[in-house]
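Lettering of chains follows the sequences in order, A, B, ..., and the numbering in each one begins at 1.
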Amino acid sequence: MSQHILTAVAWPYANGPRHIGHVSGFGVPSDVFSRYQRMAGNKVLMVSGTDEHGTPIQVQADKEGLTARQLADRYNRVIAEDLTGLGLSYDLFTRTTTGNHYAVAQEIFLGLYKNGYIFPKTTMGAISPSTGRTLPDRYIEGTCPICGYDGARGDQCDNCGNQLDPIDLINPKSRINGESPAFVETEHFMLDLPAFSEALGTWLQSKQGEWRPNVLKFSLNLLGDLQPRAISRDLDWGVPIPLDGWRDRGDKRLYVWFDAVIGYLSASIEWAKRSGDPDAWRQWWQNPDARGYYFMGKDNIVFHSEIWPAMLLGYNGEGARGGAVGSLGKLSLPSEVVSSEFLTMEGRKFSSSRQIVIYVRDFLARYSADALRYYIAVAGPENQDTDFTWSEFVNRNNGELVAAWGNLVNRSISMAAKNFGAIPEAGDLTDADRAMLELSRNAFPKVGAELGRSRFKNAVTEAFDVVREANKYLAEQEPWKIKDDPERQKSILHVALQVVDDAKTMLTPFLPTSSNKIFQMLGGEGVWTGMPEIREVNEDGGPDYPVITGAYDEGAARWEHRPIQAGVPLAPPTPLFAKLDPKIVDEELARLGD
RNA sequence: GGGGCGGUAGCUCAGCCGGUCAGAGCAUCGGACUCAUAAUCCGUGGGUCGUGGGUUCAAGUCCCACCCGCCCUACCA
């Protein structure tokens with residue numbers, strides 16, 4: 001019954017703090033999913049970390065006079081704090097610059113190499129003459145050979161829209177330092193993706209009807225046109241290539257995406273080591289009954305539905321060339337790739353450089369994590385691009401979180417506390433009482449089913465139906481009017497509090513902080529649902545680094561109706577959610593750049 | 001250029017295999033109520049479902065073309 005569920009969450013790139021667009025795609029959905037699965041009794045392993053290699057981090061570090069490692073250290077911590085502040089329940093949120101990650105990435109490379117799925121090839125590529133580093137196409141600009149536009153990038157001309165090869169640009173210049181790029185022959189390792197097209201096709205076909213159709217169609221379509229893909233770069237920042245003659249070279253590293261996707265596995269292994277059972281990760285990666293769910297924004301689909309599965313197939317010896325299973329043993333492919341669309345900001349794309357952005361930490365400094373989590377769950381880019389507006393945020397917060405849900409909790413507990421000082425006993429139940437209780441209990445399987453298939457909007461809507469029904473029930477029963485019949489009053493309030501408790505349970509994946517408070521208000525002892533914490537760790541006495549982890553299994557939260565106990569003392573409640581002054585809309589809009 | 005997704009009430013969005021699918025929440029307007037953070041409850045108006053064709057007894061729902069937005073297009077991550 002209990003299943004092992006791997007929640008693999010996209011790795012944020014450590015070149016800046018995260019904004020709410022980032023966390024709406026991978027962060028909140030993956031956490032809602034994981035919290036639900038834990039409550040449903042499954043064994044969840046939720047892993048991620050910061051992705052810290054690659055050219056952009058090196059470039060930014062150079063600009064700031066730091067080493068790449070120093071820059072990565074800074075943003076690794078900032079991002080860990082952002083995600084912890086949101087209450088994202090990672091079992092381990094680590095980073096790609098650990099010795100463990102290097103070792104696992106190299107092991108996967110070697111497994112693929114031994115099976116013949118990685119081969120060397122000499123290609124022409126642009127490098128920066130002064131540093132010898134790969135100059136990615138997008139870092140080169142010049143005059144478009146087709147339309148004559150001056151600001152064309154190496155990969156594409158923004159003016160005429162044509163795709164370009166940087167070697168064809170007239171007067172190519174590096175966008176990093178203005179120098180002319182050198183086009184040189186350079187040897188790289190290629191991942192033989194065409195060798196997996198058949199195996200990938202079979203695998204993807206088996207997901208028909210299970211995955212969100214946009215992800216599946218997109219992925220199937222790519223199969224016809226798979227090309228070998230370079231998985232190394234001319235760069236000194238990254239995971240060394242684990243082959244004789246290459247290992248010690250300062251100028252060749254694995255391509256950042258190749259090592260980043262391996263992070264799901266290396267983080268699982270690191271988690272197992274830290275848990276005291278170094279083999280514990282195998283339950284999620286090698287048990288055929290385990291399920292792996294990968295959460296990301298739509299721009300990452302190809303890496304999770306094509307490249308990472310191909311790497312796993314190759315490591316398992318399951319591509320067209322066959323081969324042996326690697327020394328870690330056979331590894332499971334994703335069960336589902338859950339992709340979000342994009343969030344826009346007041347009708348425009350998020351842009352850090354143009355200040356069209358709201359960073360998670362700034363948001364959390366002024367508003368609560370639950371308010372943001374609720375907004376993302378109910379109005380986020382689950383199936384299509386959606387727009388974040390401050391006025392919509394205030395409306396949702398004040399009208400739904402505060403007025404409908406917060407007020408239901410407040411009015412119910414307040415009335416019971418004032419009149420009885422405790423959870424009252426229920427007497428004889430009327431049809432209306434029973435109907436209310438039944439509606440609430442019946443919502444558990446309905447909301448749970450939606451959560452299990454990552455339909456978060458449907459889930460939160462179903463849960464809120466219970467809230468609305470409860471407000472309606474109170475309006476109809478009018479317990480405040482029947483002071484002369486305390487027994488009837490007790491029954492009504494008992495029912496109301498029971499429904500509050502049920503709704504609190506069903507909203508826990510979305511609103512963990514406030515659900516913990518309600519649990520305590522109703523006399524619960526200990527922790528209801530665990531919250532993440534940052535812990536300083538190291539590897540074999542090396543430098544400390546922060547990880548996110550938590551004791552989520554210690555919480556009492558279960559996905560089930562929990563009878564409340566009559567007689568538990570109740571104190572007058574304090575409001576759960578802050579009502580927002582509509583003036584903040586203009587204040588926040590003034591903070592955005594134009 | 002090629003591929004994918006989206007374009008549904010003022011706003012944010014649901015609508016799987018074609019036939020109570022023209023919806024929800026908020027906002028508007030009218031009423032009720034006072035336990036509660038002036039919260040809640042009842043009622044109400046509002047959409048030629050991007051445009052133009054087509055298939056069908058029947059189409060937001062299938063097909064074609066076009067327009068707009070977003071993503072990918074393999075050296076951004």
*Asks:* Look up atom CE in A/M436 and atom CD in A/Q477, then write down how far apart they are to the nearest 0.5 Å.
*Replies:*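 Going from the CE atom of A/M436 to the CD atom of A/Q477 covers 10.5 Å.
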*Asks:* Identify which nucleotide among B/C76, B/G4, B/C42 has an atom closest to any side-chain atom of A/K472, counting heavy atoms from C-beta outward.
*Replies:*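 For the A/K472 side chain, the nearest candidate turns out to be B/C42.
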*Asks:* For A/I307 and B/C72, give me the distance from atom CD1 to atom P, rounded to whole Å.
*Replies:*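 My rounded result for the distance is 13 Å.
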*Asks:* In the structure I gave you, are the side-chain heavy atoms of A/F109 and A/I241 within less than 4.5 Å of one another anywhere?
*Replies:*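 Side-chain contact under 4.5 Å: yes.
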*Asks:* Reckon A/L474 touches a base, only the sugar-phosphate, or nothing at all at heavy-atom distances under 4.0 Å?
*Replies:*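 Result for A/L474 = nothing.
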*Asks:* Checking side-chain polar atoms at under 3.5 Å, does A/W308 have a donor or acceptor matched by the opposite partner on A/Y294?
*Replies:*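 Yes, side-chain donor-acceptor contact under 3.5 Å.
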*Asks:* Atom CE of A/M296 and atom OG of A/S305: how far apart are they, to the nearest 0.5 Å?
*Replies:*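 Nearest 0.5 Å value for the CE-OG distance: 8.0 Å.
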*Asks:* Which part of the nucleic acid does A/R468 contact within heavy-atom distance under 4.0 Å: base, sugar-phosphate only, or nothing?
*Replies:*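 Sugar-phosphate, backbone atoms only, no base.
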*Asks:* Taking CD from A/E400 and C1' from B/A24, how many angstroms apart are they, rounded to a whole number?
*Replies:*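 Taking CD of A/E400 and C1' of B/A24, I get 10 Å after rounding.
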*Asks:* Starting at NZ of A/K298 and ending at P of B/U73, how long is that distance when rounded to a whole Å?
*Replies:*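 Atom-to-atom, A/K298 to B/U73, this comes out as 13 Å.
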*Asks:* Just by distance, do the side chain of A/D165 and the backbone of A/D168 share a donor-acceptor pair under 3.5 Å?
*Replies:*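 No, because the side chain of A/D165 does not come within donor-acceptor range (under 3.5 Å) of the backbone of A/D168.
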*Asks:* Looking only at non-hydrogen atoms, find the nearest pair between A/I301 and A/S219 and report the distance.
*Replies:*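 For A/I301 and A/S219, the tightest heavy-atom pair comes out as CG2-OG, 3.9 Å.
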*Asks:* Nearest to the side chain of A/T386, heavy atoms from C-beta on, is which of B/C13, B/U40, B/C76?
*Replies:*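 Nearest listed nucleotide: B/C13.
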*Asks:* Give me the atom names and distance for the closest heavy-atom approach of A/L401 to A/A371.
*Replies:*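 Smallest interatomic distance, heavy atoms only, reads CD1-CA, 3.7 Å.
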*Asks:* Kindly indicate whether the side chain of A/N407 and the base of B/A36 share any N or O donor-acceptor pair separated by less than 3.5 Å?
*Replies:*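 Such a pair is found, so the answer is yes.
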*Asks:* Report which part of the nucleic acid A/I413 touches: base, sugar-phosphate, or nothing (heavy-atom distance under 4.0 Å, all strands).
*Replies:*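 The residue A/I413 makes no contact with any strand.
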*Asks:* A/Y139 side chain: which of B/C76, B/A77, B/C41 is closest?
*Replies:*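 The closest nucleotide is B/C76.
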*Asks:* So if I take every side-chain heavy atom of A/V402 and compare against B/A77, B/U37, B/G3, which nucleotide ends up nearest?
*Replies:*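 My answer, after comparing the listed nucleotides, is B/U37.
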*Asks:* Have a look at A/N419 and say if it touches a base, only the backbone sugar-phosphate, or nothing, with a 4.0 Å heavy-atom cut-off.
*Replies:*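 No contact.
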*Asks:* State which of B/C26, B/A14, B/G25 makes the closest approach to the side chain of A/N395.
*Replies:*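 For the A/N395 side chain, the nearest candidate turns out to be B/C26.
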*Asks:* Reckon A/Q227 touches a base, only the sugar-phosphate, or nothing at all at heavy-atom distances under 4.0 Å?
*Replies:*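 Counting heavy atoms under 4.0 Å across all strands, the contact made by A/Q227 includes a base.
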*Asks:* Looking at every heavy atom in both A/S440 and A/V466, which two are closest together, and how far apart are they?
*Replies:*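 Minimum heavy-atom separation between A/S440 and A/V466: OG-CG1, 4.0 Å.
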*Asks:* Would you call A/E52-A/R95 a salt bridge at under 4.0 Å N-O?
*Replies:*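 Salt bridge flag = yes for A/R95 with A/E52.
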*Asks:* Could you tell me whether A/N383 contacts a base, only the sugar-phosphate backbone, or nothing, with contacts defined as non-hydrogen atoms closer than 4.0 Å?
*Replies:*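 If one applies the 4.0 Å heavy-atom cut-off, A/N383 turns out to touch the sugar-phosphate alone, with no base involved.
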*Asks:* Which one, B/C35, B/U12, B/A14, comes nearest to the side chain of A/E392?
*Replies:*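 Closest nucleotide to the A/E392 side chain: B/U12.
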*Asks:* Rounded to the nearest 0.5 Å, how far does CE of A/M190 lie from OG1 of A/T123?
*Replies:*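 Those atoms lie 7.0 Å apart.
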*Asks:* Kindly say whether the aromatic ring centers of A/F196 and A/Y117 come within a distance under 6.0 Å.
*Replies:*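 Yes, the ring of A/F196 comes within the 6.0 Å limit of the ring of A/Y117, centre to centre.
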*Asks:* Identify, between A/A578 and A/D387, the residue whose nearest nucleotide on RNA chain B lies closer to the 5' end.
*Replies:*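 Closest to the 5' end, via its nearest nucleotide, is A/D387.
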*Asks:* Tell me which residues in residues 479-495 of chain A lie within less than 4.0 Å of RNA chain B, going by non-hydrogen atoms.
*Replies:*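 Only A/W480, A/K481 qualify.
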*Asks:* Heavy atoms under 4.0 Å, any strand shown: does A/R453 hit a base, just sugar-phosphate, or nothing?
*Replies:*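 Answer is nothing: A/R453 stays at 4.0 Å or more from every strand.
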*Asks:* Contact class for A/I57 vs. all strands (heavy atom < 4.0 Å): base, sugar-phosphate, or nothing?
*Replies:*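 No contact at all - A/I57 keeps every heavy atom at 4.0 Å or more from the nucleic acid.
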*Asks:* What does A/I301 touch in the nucleic acid at a heavy-atom separation under 4.0 angstrom: a base, only the sugar-phosphate, or nothing?
*Replies:*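 Nothing, no heavy atom under 4.0 Å.
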*Asks:* As an exercise, state the distance from OH of A/Y75 to OG1 of A/T50, rounded to the nearest 0.5 Å.
*Replies:*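 These two atoms lie 13.0 Å from each other.
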*Asks:* Calculate the interatomic distance between A/L401 atom CG and B/A36 atom P; express it in whole Å.
*Replies:*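 One finds 21 Å between P of B/A36 and CG of A/L401, rounded.
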*Asks:* Figure out the OH/P separation between A/Y255 and B/C76, and round it to whole Å.
*Replies:*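 Roughly 6 Å, once rounded to whole Å.
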*Asks:* Can you tell me the distance, in whole Å, between the CG atom of A/L408 and the C1' atom of B/U37?
*Replies:*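 Answer to the nearest Å: 13 Å.
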*Asks:* Which comes earlier along RNA chain B counting from the 5' end, the contact point of A/F218 or that of A/P575, where each point is its nearest nucleotide?
*Replies:*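 In this pair, the answer is A/F218.
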*Asks:* Find the runs of at least 3 consecutive base pairs, i with j, i+1 with j-1 and so on, that include RNA chain B, using Watson-Crick or G-U wobble geometry with both distances under 3.5 Å.
*Replies:*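 Correct response: B:1-7 with B:67-73, B:10-13 with B:23-26, B:29-32 with B:40-43, B:50-54 with B:62-66.
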*Asks:* Quick one: label A/S414 by what it contacts on the DNA or RNA (base, sugar-phosphate, nothing), any heavy atom closer than 4.0 Å.
*Replies:*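 Sugar-phosphate contact only.
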*Asks:* Applying a 4.0 Å non-hydrogen cut-off, can you work out what A/D155 is touching in the nucleic acid: base, sugar-phosphate, or nothing?
*Replies:*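 Here A/D155 touches no strand at all.
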*Asks:* Under 4.0 angstrom, heavy atoms only, what part of the nucleic acid is A/E478 near: base, sugar-phosphate, or nothing?
*Replies:*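 The answer is nothing, as A/E478 stays clear of every strand by at least 4.0 Å.
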*Asks:* What is the glycosidic conformation of B/G18: syn, defined as within 90° of 0, or anti?
*Replies:*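 Anti conformation for B/G18.
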*Asks:* Check the distance between B/C16's P and A/L216's CG and give it to me in whole angstrom.
*Replies:*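 So the CG-P distance, A/L216 to B/C16, works out to 17 Å.
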*Asks:* To the side chain of A/R411, which of B/U40, B/A14, B/G4 is closest?
*Replies:*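 Within the option list, the nearest is B/U40.
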*Asks:* The side chain of A/T55 lies closest to which of these nucleotides: B/U12, B/U40, B/A77?
*Replies:*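 Between B/U12, B/U40, B/A77, the one nearest the side chain of A/T55 would be B/A77.
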*Asks:* Just the rounded figure in Å: distance from P of B/U37 to CG of A/N397.
*Replies:*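 To the nearest whole Å, that distance equals 16 Å.
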*Asks:* Which nucleotide, B/C76, B/C35, B/G4, lies nearest any side-chain atom of A/K418?
*Replies:*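 Side chain of A/K418 sits closest to B/C35.
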*Asks:* Which nucleotide wins on minimum distance to the side chain of A/D299, given the candidates B/C70, B/A77, B/C26?
*Replies:*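 Of the options given, the side chain of A/D299 lies nearest B/A77.
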